[in-house]
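Per chain, numbering begins at 1; letters A, B, ... match sequence-line order. Just so you know, these numbers use all the heavy atoms, side chains as well, and skip hydrogens, waters and symmetry mates.
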2 protein chains.
Amino acid sequence: MSAKSKNLILKSGNSHKISEATVSRLPAYFRALTQLAEATQVRVSSEELAALTGVSSAMLRKDLSHLGSYGTRGVGYEVEFLRYQISREMGLNNDWSVVIVGVGNLGRALAHYGGFGSRGFRVVALVDADQTLIGTNVKCGSEGKTIELVVHALSDLESVVKKSGARLGVVATPAEGAQAVSDRLVKAGIRSILNFAPVHLVVPNGVDVRKVDLASELQILAFHEQRKAV
Amino acid sequence: MSAKSKNLILKSGNSHKISEATVSRLPAYFRALTQLAEATQVRVSSEELAALTGVSSAMLRKDLSHLGSYGTRGVGYEVEFLRYQISREMGLNNDWSVVIVGVGNLGRALAHYGGFGSRGFRVVALVDADQTLIGTNVKCGSEGKTIELVVHALSDLESVVKKSGARLGVVATPAEGAQAVSDRLVKAGIRSILNFAPVHLVVPNGVDVRKVDLASELQILAFHEQRKAV
DNA sequence: GTTTGTGAAGGCATTCACAGCT
DNA sequence: AGCTGTGAATGCCTTCACAAAC
């Protein structure tokens, strides 16, 4: 996808550990590079890309150095080439199918969320326990392709996961049901869960959980805000 | 609020730094303690509370030791007392007023979100740029008290912030408008911002921003998921 | 001259392991 | 005997600073 015939080091055994801290920043780099590419900018320095993503230039360079030596000294990085390398490293070329459990306000917001579809994530199934929701249609995706998905019954969770081929599960249920939902997602073969319920999910080894806790974020802000008052 | 006449060390100059890592875990401890209190459990060990929140018992004890010496050796912690100390430390006794900018799916989901109201956060104002939304009513809060809020025009942002007395701002706009919204929130006096837009916000010193990036979370999961495939 | 890539240094967070209370 | 609180040790992440490459 890019530039001069740069030495295509597709080192297949590319599994020397990338630290978790670095992984957590790659999406931000990827997004900034996408913006730059859309603005048809060809090259970018570590300084500039760092400013766009809110990290120091030294940290950015160290992060990127873990992926490979994709820059040119004295020049910078080529936007398209670096963007492609990051997308490859993060598996954004694959299409990732997502099942959302819990179609309340949050679940629905996630289903509509444009940021997913545009980055290789596709919501392929919706599940809820509420009898009045089951069987209804919900719009998924935003810009361009919006499809409608039927809300499936919680009791069909396992078969829905298997039929849809989802590999990523989103838990957007109330706290009470979250652990049970998680257990069943795991039983159905899901090994990566994004949890919005305000509880700590216990899962077997080999299963990843990331937690997003909206109220906690506000609490952390409030803590600092409180300290600011003179 | 609690138990025996424990020596009430209300050390007013209680500003010896608590590390950011510890602060980020306090909300989880608080939530677990709330659950235990509702289940009328009186005491809890570091081991048990740690299991509920997904940290090691040693880390939990070190975290709590930064707040003070609120446990009893050989016994454990008293649930209500510890809960109160954490809530005080985090400023959850105050009422925190929140303004949400961007009343799309996500903004609306946040407005409805029950977890806010129940922890001292109150959504007091909604702002959006969309002419078709301005002037309409949106339900806020969930269990029990749901109120309706009028959506205000983006051009009224500053006056809305000042009238409502909001100290916390939530940016739930598309990426394009987020920086401008942030600038205006800061100008209106807001010094703590929760940002859901997928951009890095640049703010003056003294202003805190926390970022929640839904697509990034999925990308991070996908990264690990990719590595699992045998 | 400019900017990357990277050892080395420094700082921060977590775990260990046990002294100190109850 | 049991559990907390905490110095010491470990490990991880970030920053520094400069050699290497253009």
- line: Side-chain atoms of B:Arg61 come closest, of D:dT15, D:dT6, C:dT4, to D:dT6
field: Side-chain N or O of A:Tyr77 closer than 4.0 Å to phosphate OP1/OP2 of C:dG5
entry: yes
Can you pull every protein N or O that's under 3.5 Å from an N or O on nucleotides 20-22 of chain D?
from   : atom 1 : to      : atom 2 : distance (Å)
D:dA20 : N3     : A:Arg73 : NH1    : 2.9

task: Output, in order, the C-alpha distance, side-chain angles, deciding distance and verdict of salt bridge (Lys or Arg N to Asp or Glu O under 4.0 Å) for A:Arg210 and A:Glu20.
output: CA-CA 12 Å; A:Arg210 291 189 67 85; A:Glu20 191 56 35; 3.8 Å; yes
- prompt: Which residues satisfy the salt bridge (charged side-chain N to carboxylate O under 4.0 Å, His left out) test with A:Arg73, sequence neighbours excluded?
  reply: none
task: Answer yes or no: does atom CZ of A:Arg122 have more than 12 heavy-atom neighbours from other residues, nucleotides or ligands under 6.0 Å?
output: no
- prompt: Any side-chain heavy-atom pair from A:Leu110 and A:Phe196 closer than 4.5 angstrom?
  reply: yes
Taking every non-hydrogen atom, the tightest pair across B:Gly169 and B:Ile190: N-CG2, 3.8 Å
message: Is it the case that atom CD in A:Gln41 sees more than 12 heavy atoms from other parts of the structure closer than 6.0 Å?
response: yes
- request: Look at B:Ser45 and D:dC3 and indicate whether a side-chain polar atom (N or O) is within less than 4.0 Å of OP1 or OP2.
  value: no
Contact list (N/O, under 3.5 angstrom) for nucleotides 8-12 of chain C vs protein:
from  : atom 1 : to      : atom 2 : distance (Å)
C:dA8 : N6     : A:Lys62 : NZ     : 3.4

query: Between atom CG in A:Leu67 and atom P in C:dT6, what is the gap in whole Å?
result: 12 Å
- prompt: To the nearest Å, how far apart are A:Lys17 NZ and D:dC13 C1'?
  reply: 16 Å
- line: Atom CD of A:Glu78 and atom C1' of C:dT4 are separated, to the nearest Å, by 14 Å
query: What pair of heavy atoms forms the shortest contact from B:Trp96 to A:Gln226, and how long is it?
result: CH2-N, 3.9 Å
task: Take the protein atom CD of B:Glu47 and the nucleotide atom P of D:dT4, then report the distance between them rounded to whole Å.
output: 8 Å
message: Suppose we screen for salt bridge (charged side-chain N to carboxylate O under 4.0 Å, His left out). Which residues come up paired with A:Lys211, at least two apart in sequence or across chains?
response: A:Asp213
task: Whole angstrom is fine here: how far is it from CG in A:Leu60 over to C1' in C:dG5?
output: 12 Å
- request: Could you verify whether a donor N or O on one side chain and an acceptor N or O on the other, from B:Asp208 and B:Ser192, lie under 3.5 Å apart?
  value: no
field: Phosphate-side-chain proximity, B:Ser69 and D:dG5, N/O vs OP1/OP2 below 4.0 Å
entry: yes
field: Residue-level proximity of residues 21-31 of chain A to DNA chain D when a heavy atom falls under 4.0 Å
entry: A:Ala21, A:Arg25
message: Just the rounded figure in Å: distance from C1' of C:dT6 to NE2 of A:His66.
response: 9 Å
Which pairs would a plain distance check flag for residues 170-183 of chain A, meaning a side-chain donor or acceptor within less than 3.5 Å of a matching protein atom at least two apart in sequence or in another chain?
from     : atom 1 : to       : atom 2 : distance (Å)
A:Gln179 : OE1    : A:Val202 : N      : 3.0
A:Gln179 : NE2    : A:Asp183 : OD1    : 2.8
A:Gln179 : NE2    : A:Val202 : O      : 3.0

task: Can you tell me the distance, in whole Å, between the CG atom of A:Leu64 and the C1' atom of C:dT6?
output: 13 Å
Interatomic distance where CD belongs to B:Glu20 and P belongs to C:dT14 [whole Å]: 11 Å
- prompt: With no hydrogens and no angle check, is any side-chain donor or acceptor of A:Arg25 less than 3.5 Å from a backbone partner on A:Thr53?
  reply: no
- request: Indicate the atoms forming the closest heavy-atom contact of A:Arg83 with A:Phe30, along with that distance.
  value: NH1-CZ, 3.3 Å
